[in-house]
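Notes follow the structure.
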Amino acid sequence: MQLLPEFSLRHPETLAEAARLLKDSDARILAGGTGLIANVRQGLAAPAVLVSLERVPGFRDIVEEGEAVRFGAGVTLARLIGDARVAERFPALAEAAVTIAGPSHRSVATLGGNLCLDTRCVFYNQNEVWRRSNGYCLKYRGDICHVAPQGKQCHAAYSGDLAPVLFVMQAELEVVGPGGARRMPIAALYREDGAQHLTLERGELVAAVRVPLPAAGMRFGYRKARARGAIDFPLAGVAVALQTEQGRVRALRVALTGTNACPLLLKGTDEFQGQALDSALLEKLKKLVQKQVSPQRTTVTASNYRRQVAAALSARLAKELAA
Ligand SMILES: Cc1cc2nc3c(=O)[nH]c(=O)nc-3n(C[C@H](O)[C@H](O)[C@H](O)COP(=O)(O)OP(=O)(O)OC[C@H]3O[C@@H](n4cnc5c(N)ncnc54)[C@H](O)[C@@H]3O)c2cc1C
Ligand code: SF4
């Protein structure tokens with residue numbers, strides 16, 4: 001860990017003002033700081049300006065709006081875990097939040113910070129001396145990737161736990177920038193590039209997440225595999241949304257984290273509609289997962305293990321939700 005570099009801390013009172021600050025200076029949003037400050041201390045970022053949104057009205061609110069619930073991006077993970085409405089309507093969100101970091105992190109860490117968390121790699125999440133002695137890497141300050149030296153793409157893994165749950169819940173984001181506000185499906189926030197996995201334009205920020213109320217009979221869950229039993233990022237994390245009728249699939253959505261440079265919504269699950277949710281279907285589901293995830297050598301755990309564990313968790317969770 002290094003000493004923190006000099007920076008100034010700004011407290012805009014509106015999102016428009018925050019967007020201007022982000023556009024006009026070398027600035028980053030500071031939410032709970034549990035991801036960002038760790039990176040700054042390791043010399044992975046040195047923003048001259050940190051922009052806190054805590055004075056922006058509504059940034060920490062949870063509000064029911066017709067057929068959806070709007071979560072301000074500043075809602076903390078502890079609040080997601082403790083809120084009675086979340087427990088009743090979106091228990092999988094709390095289920096994922098409680099697996100993130102430790103209790104003191106969760107008391108300040110936010111929904112927006114989790115969605116916009118930087119990608120991770122064993123060659124990147126190291127101190128400055130370690131990285132310098134390895135010639136850095138192309139995600140930051142270097143020009144080769146130690147994971148896939150022949151290519152010019154960074155494969156650092158997106159490892160936030162909330163995104164896959166919000167993918168299968170078909171959440172939308174409210175994004176605010178210098179040009180105003182826009183809404184987009186959560187999947188549009190990401191691209192498969194570990195060096196630049198967010199699609200936000202300069203000056204844009206995530207203001208809120210809108211989660212539609214679930215259809216009757218739809219069940220959701222989240223499971224993750226990690227090296228330690230607590231305070232650890234997912235080697236693979238899986239969210240499933242499942243609706244069945246008389247043992248047959250009406251709707252099945254699966255999303256994953258920890259395996260790719262961005263969260264992944266599994267393709268091909270529509271084909272299971274109308275089929276019995278039996279062991280043959282679960283085997284097919286595992287094959288889909290194995291085919292679509294692409295874990296690389298970005299953790300100390302073997303890539304193939306992460307592929308197998310992602311498939312096994314998906315099938316197990318689907319079976320559990322069907323029971
Ligand atoms: C020991 C430890 C263990 C951890 N384990 C996990 C884990 O198991 N799972 C997991 O998912 N995470 C884990 N984390 C990472 C982190 O704690 C969480 O992801 C947390 O939710 C990040 O939220 P934050 O509010 O602290 O974000 P910050 O650190 O404040 O911000 C993270 C990034 O998002 C940007 N940002 C923040 N808010 C917005 C916004 N509204 N719009 C646009 N950009 C924004 C920031 O500029 C920064 O780049 C761990 C961290 C530590 C230190
Ligand atoms: S995947 Fe390659 S470029 Fe990306 S952080 Fe790891 S070593 Fe660096």
Side-chain angles (χ1 to χ4, degrees), residues 15 18-19 22 27-42 44-45 47 49-54 56 59 72-78 80 96-102 104-126 131 134-149 151-165 173-177 189 193-198 200 203-209 224 226-228 230-235 237 257-258 261 263 296-299:
L15 291 174
L22 289 170
R28 294 280 285 275
I29 301 250
L30 176 71
T34 60
L36 179 63
I37 297 299
N39 276 9
V40 173
R41 297 275 315 259
Q42 289 201 310
L44 292 167
V49 180
L50 293 180
V51 180
S52 163
L53 301 178
E54 64 189 12
V56 173
F59 189 60
V75 169
T76 63
L77 304 183
L80 286 179
V98 82
T99 71
I100 296 171
S104 55
H105 301 105
R106 296 194 293 264
S107 67
V108 292
T110 63
L111 170 58
N114 191 259
L115 295 180
C116 297
L117 189 65
D118 196 6
T119 53
R120 299 183 59 79
C121 172
V122 274
F123 293 98
Y124 175 70
N125 298 100
Q126 302 288 351
R131 284 180 289 113
N134 280 284
Y136 299 105
C137 75
L138 64 79
K139 180 165 163 68
Y140 190 61
R141 299 187 72 174
D143 50 18
I144 70 154
C145 170
H146 303 296
V147 167
K152 277 288 166 202
Q153 170 116 16
C154 169
H155 302 278
Y158 176 79
S159 306
D161 283 294
L162 297 182
V165 179
L173 301 184
E174 287 177 26
V175 170
V176 171
L189 178 64
D193 177 354
Q196 209 165 12
H197 68 299
L198 298 180
L200 295 176
E204 284 191 324
L205 59 94
V206 175
V209 182
K224 85 193 239 191
R226 49 188 167 183
R228 286 190 304 241
I231 317 186
D232 209 357
F233 290 89
L235 294 170
T257 186
Q296 306 282 325
R297 209 168 38 92
T298 54
T299 72

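Below, all heavy atoms of this structure are taken into account, side chains as well, without hydrogens, waters or symmetry copies. Counting convention: from 1, in listed order, for ligands and their atoms alike.
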(message) Please list, in number order, the atoms of ligand 1 under 4.0 Å from a heavy atom of G32.
(response) 24 (P), 25 (O), 26 (O), 30 (O)

(message) Regarding ligand 1, does D118 bring an N or O atom to under 3.5 Å of one of the ligand's N or O atoms?
(response) no

(message) Treating D232 as the side-chain partner and R226 as the backbone partner, does any N or O pair qualify as donor plus acceptor under 3.5 Å?
(response) no

(request) Identify, by atom number and element, the atoms of ligand 1 in contact range of L77, meaning under 4.0 Å from any of its heavy atoms. (result) 21 (O)

(message) Could you tell me, atom by atom, which parts of ligand 1 come under 4.0 Å of a heavy atom of N114?
(response) 10 (C), 11 (O), 12 (N), 18 (C), 19 (O), 21 (O), 22 (C), 23 (O)

(message) Heavy-atom contact check, 4.0 Å cutoff: does L111 meet ligand 1?
(response) no

(message) Distance under 4.0 Å to a non-hydrogen atom of L205: what atoms of ligand 1 satisfy this?
(response) 42 (N), 43 (C)

(request) For ligand 1, find out whether one of its N or O atoms is nearer than 3.5 Å to an N or O atom of E204. (result) no

(message) Under 3.5 Å between any N/O of A73 and any N/O of ligand 1: does that happen in this structure?
(response) no

(request) Look at atom 9 (N) of ligand 1 and say which protein heavy atom is nearest, naming residue and atom and giving the distance to 0.1 Å. (result) D161 OD2, 2.6 Å

(request) Could you say whether the N/O atoms of A31 and ligand 1 ever approach to under 3.5 Å? (result) yes

(request) With heavy atoms only and a cut-off of under 4.0 Å, state how T99 meets ligand 1: side chain, backbone, both or neither. (result) backbone

(request) I would like to know whether K139 and D118 meet side-chain contact (heavy atoms from CB on, under 4.5 Å); could you show each step before the answer? (result) CA-CA 11 Å; K139 180 165 163 68; D118 196 6; 2.8 Å; yes

(message) For Y140, does the six-membered ring have the charged nitrogen or CZ of R131 within the cation-pi criterion, i.e. under 6.0 angstrom from the centroid and within 45° of the normal?
(response) no

(request) Please confirm whether I100 comes within less than 3.5 Å of ligand 1 when only nitrogen or oxygen atoms on both sides are compared. (result) no

(request) Could you say whether the N/O atoms of L30 and ligand 1 ever approach to under 3.5 Å? (result) no

(request) Using side chain to side chain contact (heavy atoms under 4.5 Å, CB included) as the criterion, list what pairs up with L30, not counting sequence neighbours. (result) L9, L36, I37, L50

(message) At under 4.0 Å between heavy atoms, is it the side chain or the backbone of A45 that contacts ligand 1, or both, or neither?
(response) neither

(request) Output the list of atoms in ligand 1 that are nearer than 4.0 Å to some heavy atom of R28, sorted by atom number. (result) 47 (O), 49 (O)

(message) Under a 4.0 angstrom heavy-atom cut-off, which atoms of ligand 1 come close to G35?
(response) 26 (O), 29 (O)

(request) Return the set of residues passing side-chain hydrogen bond (donor to acceptor under 3.5 Å, both in side chains) with Q126 (not counting sequence neighbours), or none when no residue passes. (result) none

(message) I need the nearest protein heavy-atom contact for atom 8 (O) of ligand 1: residue, atom name and distance, please.
(response) D232 O, 2.8 Å

(message) Looking only at protein heavy atoms, which one is nearest to atom 1 (C) of ligand 1, and what is the separation?
(response) I231 CG2, 3.7 Å

(message) Please report the interatomic distance CG(L22) to CG(L53), rounded to the nearest 0.5 Å.
(response) 7.5 Å

(request) Among all protein heavy atoms, pick the one closest to atom 50 (C) of ligand 1 and tell me residue, atom and distance. (result) F233 CZ, 3.2 Å

(request) Return the number of protein N, O or S atoms with a distance to atom 2 (Fe) of ligand 2 smaller than 2.8 Å. (result) 1

(request) Compute the shortest N/O to N/O distance between H105 and ligand 1 and return yes if it is under 3.5 Å, no if not. (result) no

(message) Taking a cutoff of less than 4.0 Å between a non-hydrogen atom of the residue and any ligand atom, is L117 in contact with ligand 1?
(response) yes

(message) With a 3.5 Å distance limit and no angle check, can you tell me whether R297 reaches the backbone of H146 through a side-chain donor-acceptor pair?
(response) yes

(request) Among all protein heavy atoms, pick out the one at the shortest distance from atom 28 (P) of ligand 1; state its residue, atom name and that distance to 0.1 Å. (result) G33 N, 3.5 Å

(request) Note the single closest protein heavy atom to atom 32 (C) of ligand 1, along with its residue, its atom name and the distance in Å. (result) G113 O, 3.7 Å

(message) Any heavy atom of G160 closer to ligand 1 than 4.0 angstrom?
(response) yes

(message) Please list, in number order, the atoms of ligand 1 under 4.0 Å from a heavy atom of T34.
(response) 16 (C), 17 (O), 18 (C), 20 (C), 22 (C), 23 (O), 24 (P), 26 (O), 29 (O), 53 (C)

(request) Identify, for atom 47 (O) of ligand 1, the protein heavy atom at the shortest distance, and state residue, atom and that distance. (result) I29 O, 2.6 Å

(request) Name all residues meeting the ring-ring contact (aromatic ring centres under 6.0 Å, His included) criterion together with Y158; count only those two or more places apart in sequence or in a different chain, and write none if there are none. (result) Y190, H197

(message) Tell me the protein heavy atom at minimum distance from atom 44 (N) of ligand 1, and give that distance in Å.
(response) C116 SG, 3.5 Å

(message) If the contact criterion is a heavy-atom separation under 4.0 Å, does K224 count as touching ligand 1?
(response) yes

(request) Verify side-chain contact (heavy atoms from CB on, under 4.5 Å) between L44 and N125, making sure each step is shown before the conclusion. (result) CA-CA 8 Å; L44 292 167; N125 298 100; 4.3 Å; yes

